[in-house]
Amino acid sequence: MSKRKTPEINASSMADIAFLLLIFFLVTTTMDTDSGISRKLPPMPEKNQQKSNDKIKERNVFVVLINKNNQLLVEGEPMDVSRLKEKAKEFIENPANNPKLPEKKITEVDSRYFGNKYPVSKGVISLQNDRGTSYGTYIQVQDELLSAYIELRDELSMRIFSQKYDDLITSKKDLVKKIYPQRISEAEPKNVGGGK
Amino acid sequence: MSKFKKSNNKETPPISTSSLPDIIFMLLFFFMVTTTMRQQDLKIKVHVPAAVQIQKLEKKSLVSYIYVGSPIKNFQKIFGTESRIQLNDAFATPGDIRDYITSEREARDENEVPFMTTSLKVDEYTKMGIVTDIKQKLRECNALKINYSTRKGSSE
């Protein structure tokens, strides 16, 4: 049987076709990676829910107010954003057991790493903003507060596991999380410092 | 006439382009893998603020976006420069958020709904009032996982 040789396929237009595809994808797609600060909103209070009586003690709350001129009032005194992280860390940790700073609750933790019990701070950070506050400032403050927590966690995990918090395995991360739980509450909207 | 025919082949031989498609295909695949389809045309200007402590958003298919910002030039005549919400391709009011979330939920599998995240892409100079309204609406329809979209900023 005589085999007829098939002529070679001309592939010179292949490049053009591929270019066309390439350009299509370049135009229709974006490269931005989505990243940001993840938060969980508190669920809506139920209508018939009674106001709980167990009020949080004043010493356990770290109040951060932002007014419409983007100025900060932290625990009753005006403050610059740059000092906020330091102040928040001091509040959460309360190294000198200052009676004005939050109480600690002795919590049972994994005895392999921390000894049997570890005093966990009861501090809660309450962030309140005005309707006129700019979003940029709000995120800046959120970021600083988050940094405070992350630095504390990093310090602890460096001390115990000699690793950064991010590099820990999940079970160890949970241990660290238990000692420094992230408690940032975004209050119900209200006007701080007047003005609509 | 010399014995050896002098090849008058002075011009350079043509460059072989047979590998060009392969190279282009490689580029194509690179872009296909690293990029995502553009979601919609933005009718507002969004310049998200910078932050240090950021996390990457995972599972993009489970993310719904809410854009807030000042309208771009073409729309400023109609809508002014005040910050507006954009959902999908249209301007919206906080009241439309409930419908938007419901439709986003219907588009997903039922057991994926608890993992759905709402990404707020809000312009830096927006006032918090509108953001607070959105947050309240989201709370009402029980879409509690949110993500404030930010750029990566330098520390301090």
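Just so we're on the same page: letters track the sequence lines, and every chain starts at 1.
- Residue B/Asp22 does not touch chain A at all, counting heavy-atom pairs closer than 4.5 Å.
- Taking each heavy atom of B/Lys127 and A/Gly132 in turn, the nearest pair found is CD-O, 3.0 Å.
- Closest of all the heavy-atom pairs between B/Leu27 and A/Leu22 is C-CD1, 3.9 Å.
- Per-residue counts of heavy-atom pairs under 4.5 Å with chain A were compared for B/Ile130, B/Val122, B/Asn142; the largest is that of B/Val122.
- Listed by first then second residue, pairs satisfying ring pair (Phe, Tyr, Trp, His ring centres under 6.0 Å) with a partner in residues 127-151 of chain B read A/Tyr138-B/Tyr148, not counting sequence neighbours.
- B/Ile24 places none of its side-chain heavy atoms less than 4.5 Å from the side chain of A/Leu21.
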Evaluate the salt bridge (Lys or Arg N to Asp or Glu O under 4.0 Å) criterion for residues B/Asp133 and A/Arg131: first the C-alpha distance (whole Å), next the side-chain angles of each, then the deciding distance (0.1 Å), finally the verdict. CA-CA 9 Å; B/Asp133 290 342; A/Arg131 287 187 70 86; 3.0 Å; yes
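- Using a 4.5 Å cut-off between heavy atoms, A/Ile37 contacts chain B through both its backbone and its side chain.
- When every heavy atom of B/Met128 is checked against every heavy atom of A/Asp130, the shortest pair comes out as CB-O, 3.5 Å.
- Interface remark: A/Ile150 contributes side-chain atoms only to the contact with chain B (heavy atom separation under 4.5 Å).
- In plain terms, the two heavy atoms of A/Gly36 and B/Asn147 that are nearest each other are CA-OD1, 3.5 Å.
- Identified under the ring pair (Phe, Tyr, Trp, His ring centres under 6.0 Å) test for residues 108-131 of chain B, with sequence neighbours left out: none.
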